[in-house]
Amino acid sequence: MASAPSKLYADDVSLVVVLVDTNPFFWSASSLSFSQFLSHVLAFLNAILTLNQLNQVVVIATGYNSCNYIFDSSSDLNQSFENGRMPVMCSSLLQKLEEFLIKDEQLSKEVPEGRIKSSLLSGSLSMALCYIQRVFRSGALHPHPRILCLQGSPDGPEQYVAIMNAIFSAQRSMVPIDSCYMGAQNSAFLQQASYITGGVHHKPQHLDGLFQYLMTIFATDLHSRSFLHLPKPVGVDFRASKFYYLLNFGGSFILGNFCFILDIAQLPCFIYKQ
Amino acid sequence: MNNGGARRMNGGGEEDDDEDYVNGDLDAWERTYTDERSWESLQEDESGLLRPIDNKALYHSQYRRRLRSLSSTATAARIQKGLIRYLYLVIDLSRAASETDFRPSRIVVIAKHVEAFIREFFDQNPLSQVGLLTIKDGVAQCLTDLGGSPESHIKALMNKLECSGDSSLQNALDLVDGYLNQIPSYGHREVLILYAALSTCDPGDIMETIQKCKKSKIRCSVIGLAAEMFICKHLCQETGGTYSVALDESHFKELILEHAPPPPAIAEFATANLIKMGFPQRAAEGSISICSCHKEAKVGAGYTCPRCKARVCELPTECRICGLTLVSSPHLARSYHHLFPIAPFDEVPPFSLNDPNHKLQRNCFGCQQSLLNPGNKPGLLVVCPKCKGYFCLDCDIYIHESLHNCPGCDSFRHSKADKE
């Protein structure tokens with residue numbers, strides 16, 4: 001797919017909406033600890049704000065039970081004289097993150113064993129897109145928006161439809177979705193998201209050098225990307241080497257033996273929706 | 001305020017005649033200003049500066065009306081929709097299409113909006129196909145065959161926009177009937193006629209043709225640009241389509257884009273059957289093969305048909321060698337929101353906002369915009385019936401028209417109803 005064309009607005013000014021995965025099930029089992037991860041990410045956020053005075057950064061946390069806004073560099077609360085706009089010096093970011101994590105944990109309920117412990121990526125993607133629409137409405141000159149997903153949790157099959165809706169909406173608004181996947185397996189959702197919207201997908205080999213990956217691959221603004229050699233999609237996993245039968249049940253569709261994302265267990269939920 | 005919008009809502013037909021008569025000797029540019037006195041809607045605030053016109057509430061109420069009319073047709077019974085559509089677009093290129101009541105002329109306006117419609121159509125219905133037909137000099141001709149590539153249709157249309165002669169509804173319907181009878185039975189057969197003329201020159205009995213179309217299960221809809229005609233109304237009633245007449249350019253755009261989402265399927269014609277589809281693998285980078293659509297050797301990017309291993313360049317398409325429909329899963333995924341729509345949000349009545357017991361979110365859940373007007377008075381907002389999140393009007397429109405996900409429902413794993 002072609003990369004997002006640059007529109008006629010503020011040249012290399014970016015708005016980066018960062019979706020940070022805070023799923024405790026993933027972080028407890030990861031080689032990189034959450035606090036180390038945060039230090040990489042905060043340095044990266046500072047760097048983006050330093051690249052251009054007008055750049056904006058918004059952070060949304062993707063939790064296990066909920067999602068919420070954590071930080072907005074353009075909001076008045078962060079523009080106090082002492083702290084400037086730098087997130088790392090802004091204790092409010094870390095404070096809000098901590099509040100979010102506490103609340104997220106309180107929302108937990110008993111989960112049956114064997115279920116995939118995915119985070120609510122579709123929720124944070126939807127919130128990010130609503131925020132970007134607000135930026136589009138704000139006037140003629142606004143920054144190039146893009147979304148960066150820092151994800152480690154596995155894909156949750158129940159979110160397939162919602163994530164695809166978000167991806168198509170991003171494609172229509174020409175908002176690229178970059179993704180940096182830190183988990184063990186591959187994330188087909190994120191690969192598809194970046195492929196369809198013209199963003200960059202990367203799975204870092206060495207997580208302790210995460211800051212360098214973020215800076216070299218994800219920090220540049222959209223206009224300058226045409227001059228850089230960024231990781232290209234190699235064999236995006238759209239899957240299916242077999243046939244799938246579509247049951248045309250009076251015009252609405254039930255997929256028998258649907259594609260890789262939905263396993264057979266999901267079939268009944270489609271049929272019962274009729 | 002006597003602008004076009006107000007006229008449409010009140011349906012003041014009689015006023016139009018008088019005004020046209022009075023303004024008969026004015027130039028075209030003067031006529032626009034007599035109808036739409038846009039300067040009268042400007043307001044000044046306390047310091048004498050101009051206040052921006054608040055179109056938001058008007059726009060939102062139009063959107064709510066549209067949503068209500070859509071959801072009233074899809075009542076409690078689950079509506080089945082045609083997702084694989086074969087649509088013929090019939091464009092009237094008769095003398096009447098060169099009239100200049102739509103500026104610069106009817107045919108230019110039609111062409112512009114047909115282009116937008118075709119793109120929107122393929123965006124919402126990636127598995128469907130469109131064909132173009134024209135009526136000129138009393139004869140109907142096929143401009144492009146049924147196909148899934150928007151560019152080829154748009155290019156063909158933009159080349160042939162000369163208007164002459166009479167218009168013939170029967171010839172167009174006969175031609176469409178001939179073409180649509182060849183398509184498989186699981187597809188939904190549709191015709192959209194953009195009719196500019198006020199008459200039709202038919203070689204035979206058009207009622208017979210209409211009955212033939214009805215028997216072939218073709219859903220015919222008409223958008224008129226002149227005035228309402230009985231024959232068009234009868235055609236649409238018989239075949240289950242919709243008939244509407246455009247009042248002005250923006251109304252025409254609205255009407256034509258209404259046909260982009262899948263229509264409800266005609267109940268007695270919808271049967272259950274299995275459709276075989278293939279999901280091709282992407283060919284490896286650097287592999288060389290002869291592609292079946294261009295008949296020449298190509299390197300790399302392309303797809304391999306899972307049944308006959310022929311190479312195709314783009315999806316969705318039909319394999320030329322074995323006839324298998326080839327799609328990729330995102331194409332199917334684009335149609336899911338038609339099957340699983342989200343519930344419309346409820347408007348929040350103003351009196352409940354002033355209730356002190358009512359804990360109001362200060363910001364819209366989606367975009368974090370402040371929901372309070374200056375002066376701490378609550379502005380207009382809507383609430384999701386499932387997750388009880390508050391949203392601003394713009395997010396409401398965006399969520400229902402483009403995103404099709406409620407951010408509130410997707411951001412909570414265990415719904416709030418469970419907690420209470």
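We name chains A, B, ... by the order of the sequence lines, and we start the count at 1 in each one.
- Within the structure, no pair that satisfies the salt bridge (Lys or Arg N to Asp or Glu O under 4.0 Å) test touches residues 118-133 of chain A, not counting sequence neighbours.
- Within 6.0 Å of the CD atom in A:Glu105, the count of heavy atoms belonging to other residues, nucleotides or ligands does not exceed 12.
- Taking every heavy atom of both residues into account, A:Arg137 and B:Cys395 meet most closely at NH1-N, 4.4 Å.
- Considering every non-hydrogen atom in both A:Asn165 and B:His337, the closest pair reads OD1-CB, 3.9 Å.
- Minimum heavy-atom separation, B:Ser411 to A:Gly123: OG-CA, 3.6 Å.
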Check the pair B:Arg413, A:Ser118 against side chain to side chain contact (heavy atoms under 4.5 Å, CB included), reporting the backbone distance first and the verdict last. CA-CA 10 Å; B:Arg413 184 177 290 272; A:Ser118 59; 4.1 Å; yes
What's the verdict on side chain to side chain contact (heavy atoms under 4.5 Å, CB included) for A:Arg172 and B:Asp123, showing C-alpha distance, side-chain angles and the deciding distance? CA-CA 9 Å; A:Arg172 281 176 78 160; B:Asp123 196 51; 3.2 Å; yes
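- Heavy-atom minimum distance, A:Ala166 versus B:Leu403: CA-CD1, 3.8 Å.
- B:Tyr398 has its side chain within reach of A:Leu129: a pair of non-hydrogen atoms, C-beta onward, lies under 4.5 Å apart.
- Counting heavy-atom pairs closer than 4.5 Å to chain B, the top-ranked of the candidates A:Asn68, A:Asn65, A:Leu125 is A:Asn65.
- Here the straight-line distance linking atom OG of B:Ser328 with atom CD of A:Gln192 works out to 8.0 Å at 0.5 Å rounding.
- In this structure, chain B has no heavy atom under 4.5 Å from any part of A:Ser138.
- In plain terms, the two heavy atoms of B:Ser402 and A:Ser169 that are nearest each other are OG-OG, 3.2 Å.
- Scanning both residues, B:Asp410 and A:Ala162, for their nearest heavy atoms gives OD2-CB, 3.8 Å.
- No donor-acceptor pair closer than 3.5 Å links the side chain of A:Tyr69 to the backbone N or O of B:Phe365.
- Under the rule for a side chain to side chain contact (heavy atoms under 4.5 Å, CB included), the partners of A:Ile167 that lie at least two apart in sequence or sit in another chain are A:Ile163, A:Met164, A:Ala193, A:Ile196, A:Thr197.
- The contact between B:Ile399 and chain A is made entirely by side chain atoms (from C-beta outward), counting heavy-atom distances below 4.5 Å.
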